[in-house]
2 protein chains.
Amino acid sequence: MANNNNNKKLVSEITSRDTDFAKWYTDIVKKAELIEYSSVKGCLVIRPYGYAIWENIQRLLDRRFKDTGHENVYMPMFIPESLLDKEKDHVAGFAPEVAWVTHGGSEPLAERMCVRPTSECLFCEHYSNVVKSYRDLPKLYNQWCSVVRWEKTTRPFLRSREFLWQEGHTIHATAEEAVAETEQMLNVYADFCAEDLNMPVIKGKKTESDKFAGAVSTYCIEALMHDGQALQAGTSHYFGDGFAKAFDITFTDKDNTIKHPHQTSWGVSTRLIGGIIMAHGDDSGLVLPPAVAPVQIVIIPVAQHKEGVLDKANELLGRLKTAGFRAKLDDSDNSAGWKFAEYEMKGVPLRLEIGPKDIEANQCVIVRRDTREKAFVALDSLEASTSELLAQLARGLFDKVAANIESRTYTCRTMDDISLAISENGDGFVKAMWCSSEACETQVKATTGVGSRCIPFEQEQISDKCVCCGEPASIMLYWGKAY
Amino acid sequence: MANNNNNKKLVSEITSRDTDFAKWYTDIVKKAELIEYSSVKGCLVIRPYGYAIWENIQRLLDRRFKDTGHENVYMPMFIPESLLDKEKDHVAGFAPEVAWVTHGGSEPLAERMCVRPTSECLFCEHYSNVVKSYRDLPKLYNQWCSVVRWEKTTRPFLRSREFLWQEGHTIHATAEEAVAETEQMLNVYADFCAEDLNMPVIKGKKTESDKFAGAVSTYCIEALMHDGQALQAGTSHYFGDGFAKAFDITFTDKDNTIKHPHQTSWGVSTRLIGGIIMAHGDDSGLVLPPAVAPVQIVIIPVAQHKEGVLDKANELLGRLKTAGFRAKLDDSDNSAGWKFAEYEMKGVPLRLEIGPKDIEANQCVIVRRDTREKAFVALDSLEASTSELLAQLARGLFDKVAANIESRTYTCRTMDDISLAISENGDGFVKAMWCSSEACETQVKATTGVGSRCIPFEQEQISDKCVCCGEPASIMLYWGKAY
């Protein structure tokens with residue numbers, strides 16, 4: 001709860017996006033009561049309003065996972081060092097940033113264990129116990145949990161030492177099936193971002209240097225934030241049979257031969273909340289997509305001391321809840337102005353105002369959070385109008401992000417093009433050809449500041465030369481600064 | 001997936017309850033595919049079928065928590081040693097069994113941290129940041145997470161080093177409010193156990209020696225397993241202002257004075273799954289309460305190669321799903337006998353058999369898992385009959401557990417009474433008077449083997465003397481062996 005005696009507009013307390021985007025972001029996560037810091041650096045308290053957004057994300061994604069045949073499981077949070085060590089690329093990628101448990105009570109452990117930074121090793125160990133025959137395949141698993149990566153620099157939601165996520169892990173008889181799964185889940189993520197978070201994303205593949213530790217290939221979705229920096233919003237990895245070989249997972253196939261199965265893993269995290277904030281938020285605070293907003297419509301009575309106003313407000317609340325909307329009535333004694341600012345800060349998509357004159361006219365006022373457009377809505381059609389306004393707002397958010405991507409995507413043929421595009425138009429996605437050499441990837445970043453984001457599935461032949469070395473190039477890459 | 005070629009009845013592979021209850025239990029958790037062991041002792045893999053039970057428990061409890069005004073949050077999983085140290089009774093109770101993180105990557109930490117064994121310290125730290133005024137109270141929080149306690153002896157679900165649970169944490173302006181919350185949540189647990197798990201429980205208070213570390217009082221629900229041993233199924237703690245003082249949490253009250261608020265916490269865990277197994281299971285496997293069963297009704301086609309059988313089975317599946325039942329059709333090529341045994345092992349409440357003759361008669365056979373009673377059900381009233389049979393089964397489970405408690409509760413006036421009752425009738429609850437001295441509590445346990453379970457809210461005046469020392473006693477205690 002905010003200090004209820006404070007009628008000052010909360011908006012006056014946050015930094016403007018244009019003044020300092022990073023400061024604006026951290027102001028919002030605190031002022032909208034999404035998080036609070038704890039005494040462990042990089043570990044956050046996710047407060048009720050922030051957690052409610054995550055619960056909505058979980059519910060919507062979980063349904064998509066189950067609709068595609070996945071089952072939830074729970075693996076231990078600890079990985080013995082010898083288990084982490086089994087796949088060499090994987091351990092090399094993660095060992096430098098794990099938290100090590102060395103004692104149980106007052107006793108030193110015979111073998112130290114890390115807190116899972118990701119759970120491939122644990123799933124592999126389990127597969128080796130339960131996969132014997134082609135009849136046991138595929139296994140399509142998902143896990144909701146928290147993981148720990150001991151990062152040096154941390155930012156709420158975007159990079160924290162502990163974070164909440166889901167990790168899908170699947171194992172298949174053939175490489176084709178596993179590749180299809182990897183692609184399917186990337187599409188599930190992209191659809192979720194577009195449809196539920198109203199945040200269109202670029203789908204593509206990471207370059208070799210940017211792959212997940214232990215993967216044959218890593219697919220990703222890249223979102224663009226308001227400030228033109230990219231956010232890797234989700235990844236889906238194809239492992240081939242590398243983990244299966246390292247962990248000695250085999251199955252007897254239909255032809256009675258022993259084979260190694262093929263694996264995938266895929267994940268999104270509370271990072272998505274950071275994405276929502278930076279894709280949709282404005283100088284008044286959060287702007288939440290209706291599908292994940294903890295409160296979709298807040299009712300604010302006007303002149304609530306007058307006879308009949310609170311009764312009517314409660315009646316409308318009941319009607320909206322019955323119709324399935326997440327609705328809330330604020331009948332506190334704070335001023336209407338304070339309430340307006342409070343729910344703007346919290347990004348509630350619609351605000352419904354109802355006062356004596358409205359009641360007389362059998363109508364109410366509904367204000368959209370994103371555009372602040374006011375609509376006079378006949379009470380008789382309240383449910384239908386609310387539904388329509390939420391849908392319009394969702395489309396509006398999507399279109400605005402799409403327009404941001406459109407206007408901030410620069411087609412570049414030379415290094416000078418890149419530097420010029422960014423200095424003239426600000427950060428954004430750079431589309432440029434690449435010869436596939438890691439040296440050029442490094443060189444582009446060193447010279448222009450933009451790193452490789454992904455090889456988009458939708459390729460264009462911008463030129464036939466690498467933007468960096470000028471050698472022949474057939475791959476178009478998205479480049480950009482990233483969170 | 002079980003080995004689909006194996007037509008041998010799975011039931012022949014599990015130990016009988018009467019032969020060896022402990023072995024029967026561990027057979028079931030494996031054969032019903034609830035868990036698999038991992039390479040970290042005491043840390044389990046919860047498999048899809050086991051996790052689906054937990055998801056149902058979560059969904060039903062979460063609704064009860066939200067209906068009573070609670071909000072979900074997420075706290076960090078790490079507690080710095082100095083934070084754990086703040087409340088002296090609390091740290092004394094938990095420090096001997098925590099897992100210590102000492103390194104982040106290759107760097108030793110400046111201060112070691114434990115993995116949360118419970119989160120009072122973290123909530124207290126957070127309260128001290130967000131509670132300032134009586135207007136900020138109460139805070140009614142809940143968290144779903146896993147916790148770690150480095151136990152020496154472990155058993156699946158009943159006692160594991162890592163386990164999944166929920167922990168409610170609330171903070172109130174007055175002691176009265178906090179006590180009311182403690183009682184309310186114990187009632188929520190008891191109602192949930194009775195209504196959703198079909199497992200009536202005894203509500204009471206722990207003795208001083210059995211309280212939670214740091215609590216003023218600990219309330220509990222005690223369930224009775226088939227073998228007559230008790231299971232502490234949930235606890236609710238009233239903390240008074242002890243934690244508030246230790247963590248320097250204060251608020252300005254309406255009268256403008258600075259006060260310490262009062263706190264509670266309450267939790268249930270995956271232990272409840274152990275309770276379900278041991279309260280309801282039989283020699284054919286699990287018997288699941290309909291409210292939490294992952295599959296409530298399994299359709300098994302008879303002579304499924306015959307024309308129309310699979311079509312009809314699929315039609316019934318669609319109807320049952322549409323009506324909101326968790327239904328499954330097994331049209332695999334396993335024999336009907338194998339399928340019967342498989343779904344009995346998995347405790348699916350109802351089995352629906354449909355074959356050519358049934359179709360002709362426009363009926364099906366539904367068999368109850370608990371009693372194996374067969375009902376011929378007209379297809380026209382399938383949904384209503386399914387609903388009624390599930391309700392009857394739920395009542396049947398409840399009544400059976402209630403009867404077990406009834407027949408295994410022994411009213412005793414002397415130590416000899418206790419020993420005799422147990423040797424003649426087997427383990428169970430002993431009701432006996434107690435003078436409130438810890439010496440007698442210890443003595444009863446040492447002499448008869450039964451420890452104090454709780455001071456039940458429903459008191460009876462069995463005699464006026466302590467069962468142990470013979471001194472005046474006004475408190476009736478439940479005693480028993482416990483998991």
Side-chain angles (χ1 to χ4, degrees), chain A residues 1 3-5 33 36-40 43-52 54-55 71-80 82-83 95-107 109 112-113 115 122 125-126 129-130 132-133 135-136 139 141 143 145-146 148 150 161-162 164, chain B residues 1 3-5 33 36-40 43-52 54-55 71-80 82-83 95-107 109 112-113 115 122 125-126 129-130 132-133 135-136 139 141 143 145-146 148 150 161-162 164:
Chain A
M1 311 286 149
N3 179 341
N4 294 2
N5 286 326
E33 300 185 324
E36 185 57 69
Y37 296 101
S38 81
S39 60
V40 185
C43 294
L44 298 174
V45 173
I46 306 184
R47 301 187 67 183
Y49 198 68
Y51 198 79
W54 182 239
E55 285 183 299
E71 301 179 297
N72 285 334
V73 298
Y74 189 77
M75 294 283 155
M77 72 152 78
F78 297 123
I79 308 176
S82 56
L83 196 65
E97 56 175 37
V98 297
W100 289 107
V101 175
T102 56
H103 287 71
S106 52
E107 304 281 317
L109 300 179
R112 66 178 184 165
M113 316 173 300
V115 180
L122 297 157
E125 184 190 41
H126 181 57
N129 287 324
V130 298
K132 306 286 170 204
S133 146
R135 287 173 174 269
D136 301 324
K139 297 278 188 214
Y141 291 153
Q143 162 166 287
C145 65
S146 80
V148 171
W150 216 248
R161 287 182 168 178
E162 179 188 5
L164 299 175
Chain B
M1 310 287 148
N3 178 342
N4 295 1
N5 285 327
E33 299 185 323
E36 184 57 71
Y37 296 100
S38 81
S39 60
V40 184
C43 293
L44 299 173
V45 173
I46 306 184
R47 302 186 68 181
Y49 199 67
Y51 198 79
W54 182 239
E55 285 183 299
E71 300 178 299
N72 285 334
V73 297
Y74 188 77
M75 294 284 155
M77 72 153 79
F78 297 123
I79 308 175
S82 56
L83 196 65
E97 57 174 35
V98 295
W100 288 107
V101 175
T102 57
H103 288 72
S106 51
E107 304 281 316
L109 300 179
R112 66 178 184 165
M113 316 172 300
V115 180
L122 296 157
E125 183 190 41
H126 182 57
N129 287 324
V130 297
K132 306 287 170 200
S133 143
R135 287 172 173 271
D136 301 324
K139 297 279 188 213
Y141 291 153
Q143 162 166 289
C145 65
S146 80
V148 170
W150 216 248
R161 286 182 169 179
E162 180 188 3
L164 299 175

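Computed from a predicted structure; not experimentally measured. When reading the values below, keep in mind they use all heavy atoms of this one structure, side chains included, and skip hydrogens, waters and symmetry mates. So you know, we letter chains A, B, ... as the sequences are listed, proteins then strands, and number each from 1.
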By a 4.5 Å heavy-atom criterion (distance strictly below it), what part of [X] contacts chain B: side chain, backbone, both, or neither?
| X | answer |
| --- | --- |
| A:L83 | side chain |
| A:Q143 | neither |
| A:L122 | neither |

Given that the side chain runs from C-beta out, which part of [X] has a heavy atom under 4.5 Å from chain A: side chain, backbone, both or neither?
| X | answer |
| --- | --- |
| B:A99 | both |
| B:L109 | side chain |
| B:W150 | side chain |
| B:S133 | neither |
| B:Y141 | side chain |

Heavy-atom pairs under 4.5 Å with chain A are the metric here; pick the option from [options] that has the most.
| options | result |
| --- | --- |
| B:V98, B:V73, B:L164 | B:V73 |
| B:V115, B:V148, B:V101 | B:V101 |
| B:S39, B:P80, B:P96, B:S106 | B:S39 |

Can you name the closest pair of heavy atoms from [X] and [Y] and give their distance?
| X | Y | value |
| --- | --- | --- |
| A:Y37 | A:L44 | CD2-CD2, 4.0 Å |
| A:F78 | B:C43 | CD1-SG, 4.2 Å |
| A:K132 | A:D136 | N-OD2, 2.8 Å |

### Query
What residue, out of A:E107, A:M75, A:E125, A:E97, has the most heavy-atom pairs lying under 4.5 Å from chain B?
A:E125
### Message
I'd like to check A:R112 versus B:T102 (side-chain heavy atoms, cut-off strictly below 4.5 Å). Are they in contact?
### Response
no
### Message
When you compare the side chain of B:N72 with that of A:W54, does any pair of heavy atoms fall below 4.5 Å?
### Response
no
### Message
Apply side chain to side chain contact (heavy atoms under 4.5 Å, CB included) to residues B:V40 and B:R161 and explain how you reach the verdict.
### Response
CA-CA 9 Å; B:V40 184; B:R161 286 182 169 179; 5.8 Å; no
## Note on the structure
Applying side chain to side chain donor-acceptor pair (under 3.5 Å) to A:Y74 and not counting sequence neighbours gives A:R116, B:S146, B:E162
### Message
Checking B:E36 now: which residues fulfil side-chain contact (heavy atoms from CB on, under 4.5 Å) with it, not counting sequence neighbours?
### Response
A:H126, A:N129, A:V130, B:K30, B:V45, B:R47
